[in-house]
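As the structure is a prediction and not an experimental result, all values here were calculated from the model.
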Amino acid sequence: MTEIKICTLENCSDLFPGKAHCDDAAYDLRARTDMVLRPGKSTLVPAGFKMELPVGYEAQIRPRSGLALKNDIMLTNSPGTIDAGYRGEVGVIMFNAGQQDFTISRGDRIAQMVIMKLPEVSLIPAAELSDSGRGAGGFGSTGKK
């Protein structure tokens, strides 16, 4: 089992990332402060902890489906990536796509965090690529079925 060090900020032990169920894929992240998300604006919401990922791992910050469906709250850079070398406070860039202010209270679940092991790859220069069924077709090139 891979161990990830989590250091909560002062008076933030209640914000330690956790899973609601043992078989959940992601850890819930909670807001460190009360905030208001204004319509049409991105806001950085602090999560109250720092972490130390081993080299070869990343943390992906993903939206919560309930916030999106019920309140039009999304993550601006979804998924967000936390690299192994980052040691600052984890923050979530939230976007209010709705028409009304959205209030976040300390301790509210604001996002999900998935820890991923990265594959070892090597990018190599190539003069040409092999053929494929799609070829160079861009967005929407495969049509609807």
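The shortest heavy-atom contact between S42 and T76 is OG-OG1, 2.7 Å. Contact record, M35 with T43: CE-CG2, 3.5 Å, taken as the closest heavy-atom pair. Looking at every heavy atom in both residues, A26 comes nearest to V114 through CB-CG2, 3.7 Å. Summarising the geometry of M94 relative to I110, their closest heavy-atom pair is CE-O, 3.6 Å, with the distance given to 0.1 Å. Across A111 and L75, no two heavy atoms sit closer than the pair CB-CD1, 4.3 Å. Here the closest non-hydrogen pair linking P39 and G98 is CB-O, 3.3 Å.
Hydrophobic clustering (side-chain heavy atoms under 4.5 Å, transitive across Ile, Leu, Val, Met, Phe, Trp, Tyr) groups Y27 together with I6. Transitive grouping of hydrophobic side chains (ILVMFWY, heavy atoms separated by less than 4.5 Å) keeps V92 and F95 in distinct clusters.
Within the 4.5 Å cutoff, the side chain of I115 has heavy atoms near those of the L53 side chain.
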Tell me which donor-acceptor pairs under 3.5 Å the side chains of residues 58-74 have, and how far apart each pair is, sequence neighbours excluded?
residue, atom, partner, partner atom, Å
E58, OE1, T81, OG1, 3.3
E58, OE2, Q60, NE2, 2.9
Q60, OE1, R62, NE, 3.1
Q60, OE1, R62, NH2, 2.5
R64, NH1, D28, OD1, 3.0

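Taken to the nearest 0.5 Å, the CD atom of E89 stands 8.0 Å off from the NZ atom of K50.
Ionic pairing of R106 and D14 is present here: one or more N-O contacts between side-chain nitrogen and carboxylate oxygen are shorter than 4.0 angstrom.
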